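The residues of the chain are indexed from 1 along the displayed sequence. What you are looking at is a predicted structure, and each value in this text was computed from that prediction instead of being measured.
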Amino acid sequence: MVLPVLSVSVQCAQELPPIGSSGLVDPYVAVKFKKLVDSPLLVDAMSNADFGDVCCCQVEKTAAQFRTLDPDWKENVEFPVLSTEVKGETVEVQCWHKGTVRDRLIGVVYVKLSDINFESVSHEWYVLEKPSKSGKEKGTKRKKERDDDEWEYGRISLAFQLKTQRSQSAADIMIRVAVLEAKKLPSRARSGLSDPYFVVQFEKTKKKTQVRFKQTPQDRPSWSEVFSFDAWADRLDRSDL
């Protein structure tokens with residue numbers, strides 16, 4: 001089965017706020033394609049996800065640009081979609097600063113695909129907003145000309161396209177693995193404690209959960225993390241998880 005593809009073109013950004021003493025940033029973009037989940041397993045797993053609603057998502061990132069407030073990426077990221085009926089979906093676009101110790105979120109924009117005219121593909125400017133602590137979506141804002149409101153967190157140029165076919169090398173399905181909790185884990189130290197985490201590998205791709213520190217065999221450490229892996233339907237029976 002060949003699935004349609006949602007292509008997101010990340011063109012550039014302007015007037016990002018400076019971070020640190022240098023007065024510049026090292027920005028990259030993370031694009032999340034959000035879908036509601038019907039599976040009870042995933043509903044429980046995603047209840048503490050970044051999104052306010054229960055959902056599952058795939059994340060694609062651009063390369064980082066360095067020491068600039070006006071980065072120029074010109075990169076495309078693609079997401080498989082279950083059908084061409086994507087009008088009810090939402091894309092979250094996050095702009096991050098790549099830090100030495102940890103990355104910092106600069107701004108975010110939520111784009112409702114019901115607002116996109118897929119018949120005419122063109123780049124539009126979207127205003128980056130302060131990240132919401134509640135995780136709830138704010139309304140999409142587009143601005144081509146400056147008005148009384150300053151672009152406090154900068155703005156980003158994006159374009160959206162729905163492709164009916166994808167390249168032969170691209171995956172056509174997605175595998176999602178939910179790591180919920182564990183129990184009766186044996187200790188590996190004299191203290192009787194352990195610091196467990198899970199490694200999930202599909203083919204050559206490995207992903208790790210967070211570490212749960214100082215767990216006893218009586219504890220039931222909880223992760224509630226979901227990992228997504230691109231896969232190919234025609235060779236799924238030969239793939240290892």
Side-chain angles (χ1 to χ4, degrees), residues 1-16 27-37 49-51 53 55-65 68 70-96 105-129 131 137-145 151 153-176 205 226-234:
M1 179 178 62
V2 179
L3 296 177
V5 171
L6 175 66
S7 177
V8 182
S9 174
V10 183
Q11 186 76 359
C12 61
Q14 292 181 351
E15 300 186 36
L16 298 179
Y28 69 90
V29 173
V31 184
K32 295 184 178 182
F33 181 54
K34 172 183 175 182
K35 286 191 175 184
L36 297 180
V37 174
D50 291 339
F51 294 107
D53 298 326
C55 63
C56 195
C57 63
Q58 177 184 348
V59 182
E60 299 290 343
K61 299 177 181 179
T62 69
Q65 303 291 311
T68 178
D70 302 300
D72 191 10
W73 291 286
K74 291 186 172 65
E75 294 189 35
N76 293 328
V77 296
E78 294 186 347
F79 303 89
V81 292
L82 295 179
S83 70
T84 56
E85 300 296 329
V86 296
K87 292 296 186 179
E89 308 292 354
T90 299
V91 175
E92 180 179 347
V93 181
Q94 299 177 342
C95 187
W96 289 80
L105 183 56
I106 300 172
V108 62
V109 61
Y110 299 94
V111 181
K112 295 181 179 179
L113 297 182
S114 57
D115 297 333
I116 302 300
N117 180 13
F118 289 107
E119 301 298 326
S120 176
V121 180
S122 61
H123 286 86
E124 298 279 353
W125 286 106
Y126 295 84
V127 175
L128 290 166
E129 299 184 357
E137 300 171 11
K138 298 180 181 180
T140 300
K141 291 185 179 180
R142 304 185 192 185
K143 290 184 182 178
K144 293 186 177 179
E145 302 295 337
W151 303 323
Y153 299 94
R155 61 176 187 166
I156 188 168
S157 177
L158 305 169
F160 298 85
Q161 183 179 8
L162 190 61
K163 301 179 180 179
T164 56
Q165 294 182 349
R166 64 174 64 188
S167 62
Q168 294 181 353
S169 61
D172 53 8
I173 61 174
M174 185 181 298
I175 304 294
R176 292 189 175 99
T205 303
V226 175
F227 300 110
S228 298
F229 300 89
D230 291 335
W232 292 259
D234 60 350

Nearest heavy atoms of V108 and Q94, plus distance in Å:
CG2-CG, 3.9 Å
Is it the case that the side chain of S228 and the backbone of R176 share a donor-acceptor pair, with hydrogens and angles ignored and the cut-off at 3.5 Å?
no
Would you call L113 and T90 a side-chain contact if the rule is heavy atoms closer than 4.5 Å?
no
According to side-chain hydrogen bond (donor to acceptor under 3.5 Å, both in side chains), who are the partners of Q11, at least two apart in sequence or on a separate chain?
H123
Are a donor atom and an acceptor atom from the side chains of S7 and N76 found within less than 3.5 Å of each other?
no
Report the C-alpha separation of V10 and L158 in whole Å, then their side-chain angles, then the decisive distance to 0.1 Å, and conclude whether the side chain to side chain contact (heavy atoms under 4.5 Å, CB included) test is met.
CA-CA 5 Å; V10 183; L158 305 169; 4.1 Å; yes
Could you report the tightest heavy-atom contact between C12 and W125, atom names first, then the distance?
SG-CH2, 3.6 Å
Just how far is it from atom CH2 of W73 to atom CD of Q65, taken to the nearest 0.5 Å?
7.0 Å
Rounded at 0.5 Å granularity, tell me how far CG in L105 sits from CG in L128.
9.0 Å
To the nearest 0.5 Å, what is the distance between CD on E119 and CG on L162?
9.5 Å
Could you state the interatomic distance from OG1 (T62) to CD (E75), rounded to the nearest 0.5 Å?
5.0 Å
As an exercise, state the distance from OG1 of T205 to CG of D230, rounded to the nearest 0.5 Å.
8.0 Å
So, E60 and K32, do they make that salt bridge, N to O below 4.0 Å?
no
Tell me, do F160 and V91 make a side-chain contact under 4.5 Å, heavy atoms counted?
yes
Under the side-chain hydrogen bond (donor to acceptor under 3.5 Å, both in side chains) test, which residues partner Q161, sequence neighbours left out?
none
Closest approach of A159 to S122 (non-hydrogen atoms, all atoms of both residues):
CB-O, 3.6 Å
I would like to know whether V59 and V31 meet side chain to side chain contact (heavy atoms under 4.5 Å, CB included); could you show each step before the answer?
CA-CA 6 Å; V59 182; V31 184; over 6 Å; no
Mutual orientation of the aromatic rings belonging to F79 and F33 [parallel < 30°, tilted 30-60°, perpendicular > 60°]:
tilted
Looking only at heavy atoms, what is the nearest atom pair of Y153 and I106, with distance?
CD2-O, 3.3 Å
Calculate, to the nearest 0.5 Å, the distance between atoms CG and OG1 belonging to L16 and T68 respectively.
7.5 Å
